[in-house]
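Presented below is the structure to which this report refers.
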Amino acid sequence: MSDRLILAQDGWGAALPEWVAVLIAECDRTSQNVVAKQLGVSATVVSQAIRNRYAGNMVRIESTVRDVFMNAPVQCPALQVEIASAACLDHRRRAETWSHSNPFRVRMTRACRACPKFTKSEGEA
């Protein structure tokens, strides 16, 4: 049993959410700093989420962990196909800033901003 798992069980109790277990496994597999970079947050936020002490939007952290590491398919209304949730997250992060670099990016920026999964500054959890 890893130290992170012990800390998580202290913070979350017996009902450890699946996404926290995945977060711990990824941290144990690589490092907390690598995981934080992949999620677009600081290592402190990762630590606080594992310990259930994060004062910010925990739902946003959960959503990002699910998108990056659990990678469930998402039905994209703009593309009208199923895409990996990590690709969806990438499109949503790019939609935070306007760019008219190419017609596809303009289309995705508009579509992502209208999507219910989009929240401004979701990369900064």
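Hydrogens, waters and symmetry mates play no part in the numbers below; they use all other heavy atoms, side chains included.
Shown here are the salt bridge (charged side-chain N to carboxylate O under 4.0 Å, His left out) partners of R94, two or more places apart in sequence or in another chain: D90. Partners of R107 under the side-chain hydrogen bond (donor to acceptor under 3.5 Å, both in side chains) rule, at least two apart in sequence or in another chain, do not exist in this structure. In this view, A43 and Q32, N33, A36 satisfy the side chain to side chain contact (heavy atoms under 4.5 Å, CB included) rule, not counting sequence neighbours. Not counting sequence neighbours, the partners of V20 by the side chain to side chain contact (heavy atoms under 4.5 Å, CB included) test are A8, W12, L16, P17, I24.
Listed for the T30 side chain is a donor-acceptor partner under 3.5 Å among the backbone atoms of E26.
Residue I83 is not grouped with residue L89 when hydrophobic side chains (ILVMFWY) are merged at heavy-atom distances under 4.5 angstrom, including chains of intermediate members. Residues V106 and M108 do not share a hydrophobic cluster, clusters being chains of Ile/Leu/Val/Met/Phe/Trp/Tyr side chains in contact below 4.5 Å. Cluster membership for V45 and M70, using ILVMFWY side-chain heavy atoms within less than 4.5 angstrom, is shared.
By the 4.5 Å heavy-atom criterion applied to side chains, S47 and I50 are not counted as neighbours. Counting heavy atoms from C-beta outward, V35 and V65 have side chains that stay 4.5 Å or more apart. Side-chain contact check for T64 versus V41: every heavy-atom pair is 4.5 Å or farther apart.
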Determine whether N52 and M58 satisfy the following criterion, side chain to side chain contact (heavy atoms under 4.5 Å, CB included), listing intermediate values before the conclusion. CA-CA 9 Å; N52 196 18; M58 190 71 86; 3.6 Å; yes
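Distance check: E96 CD to C112 SG gives 10.5 Å after rounding to the nearest 0.5 Å. The CZ atom of R66 lies 8.5 Å from the CH2 atom of W19; values are rounded to the nearest 0.5 Å. Of the inter-residue distances, the one linking H91 atom NE2 with L79 atom CG reads 5.5 Å to the nearest 0.5 angstrom. With rounding to the nearest 0.5 angstrom, the OG atom of S31 is 10.5 Å from the NZ atom of K37. Rounded to the nearest 0.5 angstrom, S2 OG and L7 CG are separated by 8.0 Å.
The minimum heavy-atom distance between R92 and D67, with the atom names listed, is NH2-OD2, 2.6 Å. Of all heavy-atom pairs spanning A49 and Y54, the tightest one is N-CB, 4.1 Å.
For CD of Q80, the number of neighbouring non-hydrogen atoms (other residues, nucleotides, ligands) closer than 6.0 Å is 12 at most.
Pairs engaging residues 1-25 under the salt bridge (Lys or Arg N to Asp or Glu O under 4.0 Å) rule: R4-D28 [sequence neighbours left out]. Within the structure, no pair that satisfies the salt bridge (Lys or Arg N to Asp or Glu O under 4.0 Å) test touches residues 46-59, not counting sequence neighbours.
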